[in-house]
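First up is the structure itself, then whatever we jot down about it.
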Amino acid sequence: MTDKPTGGAGLRGQSAGTTALCTVGESGSGLAYRGYDVQDLADNARFEEVAYLLLKGKLPNQQELDDYIAKLKGLRDLPDALKTVLEQIPADAHPMDVMRTGASMLGNLETEQSFDEQQDVSDRLLAAFPSIINYWYRYSHDGERIDTVTDDESVGGHFLHLLHGKPASELHARVMNVSLILYAEHEFNASTFTARVCASTLSDMHSCVTGAVGSLRGPLHGGANEAAMAMIEDWQSPDEAEKETLGKLERKEKIMGFGHAVYRESDPRNAIIKKWSKKLSDDVGDDRLYAVSERVEEVMWREKKLFCNADFFHASAYHFMGIPTKLFTPIFVCSRVTGWCAHVFEQRENNRIIRPSADYVGPEAREWLPIEQRD
Ligand SMILES: CC(=O)SCCNC(=O)CCNC(=O)[C@H](O)C(C)(C)COP(=O)(O)OP(=O)(O)OC[C@H]1O[C@@H](n2cnc3c(N)ncnc32)[C@H](O)[C@@H]1OP(=O)(O)O
Ligand SMILES: O=C([O-])CC(=O)C(=O)O
């Protein structure tokens, strides 16, 4: 990739504050949460430990982790009023709109009364998001009012259990665990910055998270994982994928799941999820989608020196686990809510309202024109 300008559009490269949560792209490609390398976390941690690390500030010891998992398990049920709202949302709604409504409605029912409640409110959102999306999905698509309480220890296993109506295989629960770790936190990305801007007005946690869901929804951010799937699913062979990718580049179309605002050399999350996508591809006996994905990766590097970001191989990995494409970005929410809330805590701790300036490019001062004199 070419060196990017540090000023101007998109606030690229400009520091907008401090954080102790995460470093992105130091030396071109690294990612660490509170100093722990993401590769180490993906190899060794449970997502719940990473959530604890982000939200409580340190890795839990065994007792703290056991207590935290028990707490999250105890927060999976949804209030009846929220279920009623979810039942009104049509099957063809965008699932990210369901997540946005879910977070907002929960804010009406369980309003954060004071910042002293921020830890509990965050844990509740973390526990409730898989229930929110799957309750709506199963009701609107299968007509079933599912019980959102399961005995699964992990958030990832619980998500798949609710979606498929049976406990996840060990492999699928493991991949979900890794995926949730990879998506948990990423410094001042667009959705997190949205949450921090909202927090800087001293607003409540549900408003910060609801706004962040809206920012994550777009295809230039979290929505890229489902956009990538929509792109590759019809390509029947690597050769067709190559031809279509070249055509898109020729027409100056964006290839979703490639490029990054910060990383220059690679997105470290890609190699990790790609490895798991390959495992899943072998597991399901796929002879097309993984090969197609790899060819797109090769073509993009050869033609544009653009690398896959976290989203690209998440598309095939989720697909191999039988997850409907439209639920891909909501899974991102189920993870990133940890990063969002941790950033809200940081913003509140050392707050000044976020209010940048703009360079005015409109007309010079001019006189008021009465309505009858206007064109
Ligand atoms: C988890 C996440 O949110 S990761 C991001 C997910 N988003 C996507 O995958 C969407 C596709 N990617 C993109 O749109 C961009 O790469 C972004 C939004 C991620 C980053 O945007 P920017 O920082 O503005 O991109 P950047 O400055 O690196 O672009 C450099 C050049 O590469 C091009 N480029 C960047 N990404 C792509 C892409 N995916 N496909 C084709 N061309 C691209 C840009 O058009 C630009 O070309 P130009 O100089 O001729 O105008
Ligand atoms: O940092 C960004 O701009 C986008 C990203 O990769 C993320 O939020 O995970």
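Atoms within a ligand are numbered from 1 in the order they appear, just like the ligands themselves.
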At under 4.0 Å between heavy atoms, which part of [X] makes contact with ligand 1: side chain, backbone, both or neither?
X: Pro219; value: backbone
X: Leu306; value: side chain
X: Asn189; value: neither

Q: Examine Asp267 against ligand 2 and note whether any of their N/O atoms are separated by less than 3.5 Å.
A: no
Q | Arg269 heavy atom under 4.0 Å from ligand 2 | A | yes
Return yes if some donor-acceptor pair links the side-chain N/O of [X] with the main-chain N/O of [Y] below 3.5 Å, else return no.
X: Gln373; Y: Leu369; answer: no
X: Glu49; Y: Ala45; answer: no
X: Tyr183; Y: His186; answer: no
X: Arg138; Y: His164; answer: no

Counting only nitrogen or oxygen atoms and a 3.5 angstrom limit, does [X] reach ligand 1?
X: Met300; result: no
X: Glu253; result: no
X: Ala224; result: no

Q) With the threshold set at 4.0 Å, does a side-chain nitrogen-carboxylate oxygen contact exist between Arg124 and Asp120? A) no
Q) Hey, are Lys56 and Asp123 close enough for a salt bridge, meaning a charged N less than 4.0 Å from a carboxylate O? A) yes
Which protein heavy atom lies closest to [atom], and at what distance to 0.1 Å?
atom: atom 8 (O) of ligand 2; answer: Arg336 NH1, 2.8 Å
atom: atom 4 (C) of ligand 2; answer: His260 NE2, 3.6 Å
atom: atom 1 (O) of ligand 2; answer: His186 ND1, 2.7 Å

**Q.** Row check, Trp301 ring normal vs Lys305 NZ/CZ: under 6.0 Å, within 45°
**A.** yes
Q) With respect to atom 2 (C) of ligand 2, which of Val24, Asn189, Asn309 exhibits the smallest heavy-atom separation? A) Asn189
Q: Fit a plane to each ring of His141 and Tyr137, take the angle between them on a 0 to 90° scale, and name the class: parallel (under 30°), tilted (30 to 60°) or perpendicular (over 60°).
A: parallel
Measuring from non-hydrogen atoms of [X] to any atom of ligand 1, is the shortest distance under 4.0 Å?
X: Phe332; result: yes
X: Gly10; result: no
X: Lys252; result: no

Q) At a non-hydrogen distance cut-off of under 4.0 Å, which region of Glu187 contacts ligand 2 (side chain, backbone, both, or neither)? A) neither
Q) Considering only heavy atoms, does Glu185 approach ligand 2 within less than 4.0 Å through its side chain, its backbone, both, or neither? A) neither
Q | Partner of Lys73 under salt bridge (Lys or Arg N to Asp or Glu O under 4.0 Å), chosen from Asp152, Asp67, Asp151 | A | Asp151
Q: Indicate whether the side chain of Thr210 and that of Ser104 have a donor and an acceptor atom separated by less than 3.5 Å.
A: no
Q) What's the shortest heavy-atom distance between Ala173 and Gly157, and which atoms? A) CB-CA, 4.5 Å
